[in-house]
2 protein chains.
Amino acid sequence: MATMNDVARLAGVSASTVSYALTGVRPVSEATRERVRVAMDQLGYRPNALARGLASNRTRILALLFPAIERGLGGTALEFVTAAAETAREHGCHLVLWPTGDDEVGETHELVHQGLVDGLVVMEVKLDDPRVDLLRSTATPFTLIGRTARPDGLPYCDIDFELTVRGALDHLSGLGHEHIALLSHSEASLAAGYGPTVRVQKAFEQQTSERGLPALVRHCDESADAGRAVAADLFRTHPEVTALVTMNDDATFGAVAEIVEGGRDVPGEVSVLSVVSSPRVGALSHPRLTTMAAPGAELGRLGVESVITRVEQGDSPVVRELIPCRLDAQATTGPAPGTHAHTPPGTP
Amino acid sequence: MATMNDVARLAGVSASTVSYALTGVRPVSEATRERVRVAMDQLGYRPNALARGLASNRTRILALLFPAIERGLGGTALEFVTAAAETAREHGCHLVLWPTGDDEVGETHELVHQGLVDGLVVMEVKLDDPRVDLLRSTATPFTLIGRTARPDGLPYCDIDFELTVRGALDHLSGLGHEHIALLSHSEASLAAGYGPTVRVQKAFEQQTSERGLPALVRHCDESADAGRAVAADLFRTHPEVTALVTMNDDATFGAVAEIVEGGRDVPGEVSVLSVVSSPRVGALSHPRLTTMAAPGAELGRLGVESVITRVEQGDSPVVRELIPCRLDAQATTGPAPGTHAHTPPGTP
DNA sequence: TTGTACGCGTTATCAG
DNA sequence: CTGATAACGCGTACAA
């Protein structure tokens with residue numbers, strides 16, 4: 001691989017001139033710039049990323065931090081990661097994947113102090129996340145995907161769960177539903193302080209209360225079987241329920257199957273709306289699920305752009321972005337039984 | 001951040017001794033090793049990855065190359081990427097994601113010549129893949145996930161499609177099926193030389209022929225709707241078909257829905273077996289899909305381990321690994337109509 | 001507008 | 001067993 005010196009020699013200039021011709025940090029005459037350019041692609045020269053990083057103290061490498069344990073977001077996570085990587089590329093940056101095991105804090109610390117990365121995107125942030133405390137104490141810029149319980153001055157990109165729940169309830173209320181239950185993630189995820197679980201439940205309880213509706217919440221493991229079981233129990237104890245808001249893709253499929261087999265028509269007697277999901281997943285269900293799509297790609301893009309901005313100018317304002325899920329009305333939501341729906345359902 | 005010189009000074013030794021105490025490349029007395037150790041964690045010293053890479057000409061960074069365009073493997077891809085990243089970590093390596101756009105070759109070339117990575121894992125390899133030609137001409141080790149048409153001396157990890165198809169046909173034949181159709185990916189993917197599409201079709205045609213069965217192949221876009229349409233057409237023109245081997249998750253769901261709505265019982269009248277899929281996806285269907293699970297995690301792990309081996313000892317033998325999909329017999333496959341199944345179905 | 005010289009934090013070579 | 005010293009490839013004051 002050709003080095004800068006090789007280029008300099010061939011072009012008959014000094015190495016620093018090559019450097020300046022490359023970065024444009026100081027003026028270079030058109031003539032020599034051209035000679036350098038010719039020499040460069042004659043040698044197929046590419047600047048060495050390592051040497052550049054060492055000298056400039058800027059690696060243009062970002063890290064994506066995520067706990068490798070759980071099967072969290074599923075399909076959304078892939079979109080997220082892909083979008084993040086693409087965005088990094090567009091900005092001339094690299095993105096390294098950094099899965100953390102049991103010792104989240106230690107492994108994060110290790111990464112930061114290797115001096116390899118300019119900034120971090122932190123996935124799967126919990127309400128009380130020890131990684132955040134660590135990162136605050138370092139100089140490395142970072143952006144959270146998700147939020148801690150009180151994300152004071154922290155930069156984050158997250159789903160707007162309040163607006164998402166509002167959208168879901170608006171849709172169902174508009175269809176005349178008054179007995180709406182929430183099928184959420186597992187108790188364990190709630191106990192672990194998993195943001196989506198906590199925030200959706202809180203928003204659901206608050207907003208149903210505001211609307212004078214009863215708040216029925218069920219937790220459920222992430223599997224179709226668990227979904228079946230919980231749905232069966234739910235409709236046995238609460239036959240008055242006519243609509244289900246779910247946030248648990250696997251369980252949703254089980255729940256729908258159970259409801260239908262239990263002799264209730266979907267959406268004739270029970271409507272199902274799956275939030276923090278995606279139309280693509282919804283299309284796998286029959287009848288096709290009404291979903292609210294998680295903004296995975298948007299979050300990935302925003303998260304990376306936000307750290308890059310902070311890396312390039314450390315005094316830039318902190319990004320705090322909340323994006324709601326997007327409604328995609330399909331076949332599992334319809335008018336409540338015995339209701340003349342007065343609000344046109346569905347997305348434009 | 002403390003440097004090696006800081007450590008050396010504090011420990012009262014030379015910088016090179018610190019280096020050797022760290023790497024163990026040359027013997028260091030127990031006494032000084034201990035002094036160095038103390039100095040190190042007194043200063044919280046961590047070796048600088050960049051400087052180390054520059055000096056040693058070994059970055060311990062691997063790249064994962066993938067075309068960002070298509071929504072290829074879906075859930076499997078996430079498993080793959082996660083496993084790859086974890087494996088890299090276990091070996092003290094970093095994994096950077098390198099999504100390529102339109103100019104696959106150019107962007108790959110760029111990456112390789114930045115001197116940032118020690119080796120590459122190349123995803124989504126096509127039968128005739130220009131990236132491979134490029135990589136052969138460089139000194140950077142790489143491993144393909146997938147294979148070219150004639151992967152002569154190339155290192156690769158791929159699904160064993162022949163064994164997978166054999167497993168599928170064995171399962172169905174054992175249930176008495178004699179009219180088996182293949183629901184594959186789109187024509188476009190076939191034309192693009194997408195390995196799984198081409199190889200599964202070839203294996204299917206060959207093996208059905210060997211068994212004296214008719215070979216019925218249908219291509220289908222990656223969507224539930226397309227699956228419906230193709231299934232409808234298939235059973236209209238070929239009502240004798242009693243079993244469907246599918247390799248197209250989204251389409252499979254549509255196909256099952258169409259079959260059931262068309263008045264055919266699954267698996268009573270038609271069996272469906274989805275290959276290169278996963279039990280998790282299968283569980284979303286009702287009745288639960290019999291699947292053959294793509295070995296995503298295994299491939300990710302093997303791919304990374306294989307490049308690392310090549311990086312560490314360039315003369316190591318070329319890895320050529322083929323892994324079949326694993327059968328998970330569930331509710332969508334059963335005895336052919338009018339048959340007394342004589343072979344016990346299901347996985348061991 | 002250009003060249004020189006030094007530093008970034010390690011590893012590797014060569015003495016001792 | 002240990003210490004100097006020279007690379008590694010590039011950025012950047014400083015000087016011209």
Side-chain angles (χ1 to χ4, degrees), chain A residues 1-37 39-40 43-61 92 110 112-118 139 311-312, chain B residues 1-37 39-40 43-61 92 94 112-118 139 311-312:
Chain A
M1 284 190 285
T3 81
M4 200 167 223
N5 272 313
D6 299 331
V7 176
R9 208 166 324 157
L10 184 58
V13 299
S14 79
S16 61
T17 298
V18 175
S19 176
Y20 291 121
L22 208 56
T23 63
V25 170
R26 93 180 177 189
V28 173
S29 80
E30 186 51 47
T32 64
R33 181 199 304 289
E34 183 57 18
R35 292 226 310 288
V36 169
R37 209 189 52 66
M40 288 208 299
L43 294 172
Y45 169 77
R46 303 266 80 193
N48 181 300
L50 254 51
R52 174 174 282 197
L54 225 206
S56 67
N57 209 5
R58 184 139 296 175
T59 64
R60 302 202 74 82
I61 301 178
E110 186 190 338
V112 169
H113 287 80
Q114 282 192 336
L116 184 68
V117 301
D118 283 344
V311 167
E312 289 177 347
Chain B
M1 284 190 286
T3 82
M4 196 167 234
N5 272 312
D6 299 333
V7 176
R9 207 165 324 155
L10 184 59
V13 297
S14 78
S16 54
T17 297
V18 175
S19 176
Y20 291 121
L22 208 54
T23 64
V25 169
R26 92 181 179 188
V28 173
S29 79
E30 186 52 45
T32 65
R33 180 199 306 289
E34 182 57 17
R35 292 226 310 289
V36 169
R37 210 190 51 68
M40 288 209 298
L43 294 173
Y45 168 77
R46 302 267 78 195
N48 181 299
L50 252 51
R52 175 173 284 195
L54 224 209
S56 68
N57 210 8
R58 184 137 296 176
T59 64
R60 303 201 74 81
I61 300 178
H94 298 263
V112 169
H113 287 81
Q114 283 192 334
L116 183 69
V117 301
D118 283 345
V311 168
E312 290 177 346

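To find a chain, count down the sequence lines: A is the first, B the second, and so on, and within it residues start at 1. These numbers come from a predicted model, not from an experiment.
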(message) side-chain contact (heavy atoms from CB on, under 4.5 Å), that's the test. Do A/Leu50 and A/Thr59 meet it? Break it down for me.
(response) CA-CA 7 Å; A/Leu50 254 51; A/Thr59 64; over 6 Å; no
(message) Whole angstroms only, please: what is the CG-P distance between A/Leu54 and D/dC8?
(response) 14 Å
(message) Just to be sure I understand the rule, does A/Val18 reach a base, reach only the sugar-phosphate, or reach nothing, if contact means heavy atoms closer than 4.0 Å?
(response) nothing
(message) Do B/Leu116 and A/Ile61 have side chains that approach each other closer than 4.5 Å (heavy atoms only, starting at C-beta)?
(response) yes
(request) Could you pick out which residue, B/Asn48 or A/Ser29, lies toward the 5' side of DNA chain C when each is mapped onto its nearest nucleotide? (result) A/Ser29
(message) Side chains of B/Met4 and B/Ser19, heavy atoms from C-beta outward: is any pair under 4.5 Å?
(response) yes
(message) OP1 or OP2 of D/dT2 versus the side-chain N and O atoms of B/Ser14: is any pair under 4.0 Å?
(response) no
(request) Would you sort out whether B/Arg46 and B/Met1 count as a side-chain contact (heavy atoms from CB on, under 4.5 Å), showing the intermediate values? (result) CA-CA 8 Å; B/Arg46 302 267 78 195; B/Met1 284 190 286; over 6 Å; no
(request) Mind calculating the distance between CZ (B/Arg46) and C1' (C/dT10) to the nearest angstrom? (result) 15 Å
(request) Taking all non-hydrogen atoms of both residues into account, name the closest pair between B/Ala39 and B/Ala11 and its distance. (result) CB-CB, 3.9 Å
(message) In this structure, how many angstroms lie between the C1' atom of C/dT1 and the CD atom of A/Glu34, rounded?
(response) 17 Å
(message) Taking B/Val28's backbone N and O only, do any of them form a donor-acceptor pair with B/Arg33's side chain (distance below 3.5 Å, no angle check)?
(response) yes
(message) Let's go through A/Leu22 and A/Tyr45 carefully: what are the C-alpha distance in whole Å and the side-chain angles of both, what is the deciding distance for side-chain contact (heavy atoms from CB on, under 4.5 Å) to 0.1 Å, and is it a yes or a no?
(response) CA-CA 11 Å; A/Leu22 208 56; A/Tyr45 169 77; 4.1 Å; yes
(request) Please confirm whether the backbone N or O of B/Arg58 pairs with a side-chain atom of B/Asp118, one donor and one acceptor, at under 3.5 Å? (result) no
(request) Indicate, with a heavy-atom threshold strictly under 4.0 Å, whether A/Arg33 touches base, sugar-phosphate, or nothing. (result) nothing
(message) If you assign each of A/Met4 and B/Arg35 to its closest nucleotide in DNA chain D, which residue comes earlier from the 5' end?
(response) B/Arg35
(request) Check the distance between C/dG9's P and A/Gln114's CD and give it to me in whole angstrom. (result) 15 Å
(message) Assess the residue pair A/Gln114 and B/Asn48 against the criterion (side-chain contact (heavy atoms from CB on, under 4.5 Å)); give the C-alpha distance rounded to whole Å, side-chain angles, the decisive distance to 0.1 Å, and a yes or no.
(response) CA-CA 5 Å; A/Gln114 282 192 336; B/Asn48 181 299; over 6 Å; no
(request) In whole angstrom, give the distance that lies between atom CD of B/Glu30 and atom C1' of D/dC1. (result) 13 Å
(request) Might you point out which heavy atoms bring B/Ala21 and B/Val36 nearest each other, and give the distance in Å? (result) CB-CG1, 4.0 Å
Contact list (N/O, under 3.5 angstrom) for nucleotides 12-16 of chain D vs protein:
from: D/dA13; atom 1: N6; to: A/Tyr20; atom 2: OH; distance (Å): 3.2
from: D/dC14; atom 1: N4; to: A/Arg26; atom 2: NH1; distance (Å): 3.4

(message) Nearest whole Å is fine: how far is D/dG9 C1' from A/Asn57 CG?
(response) 16 Å
(request) Grab the CG-P distance between B/Asn5 and C/dG7 for me, whole Å please. (result) 12 Å
(message) Check the phosphate of D/dC1 against B/Thr17, side-chain N and O only, distance under 4.0 Å to OP1 or OP2. Yes or no?
(response) no
(message) Tell me the interatomic distance from B/Asp6, atom CG, to C/dC8, atom C1', rounded to whole angstroms.
(response) 13 Å
(message) Is the phosphate of C/dG9 approached by B/Arg52 (side-chain N or O, under 4.0 Å from OP1 or OP2)?
(response) no
(message) Is B/Thr3 close enough to C/dG9 that one of its side-chain N or O atoms is under 4.0 Å from OP1 or OP2 there?
(response) no
(message) Reading DNA chain D from 5' onward, which residue's closest nucleotide shows up sooner: A/Tyr45 or B/Thr32?
(response) B/Thr32
(message) Could you work out how much the helix from C/dT1-D/dA16 to C/dG16-D/dC1 bends, comparing the axis of its first five pairs with that of its last five, to 10°?
(response) 40°
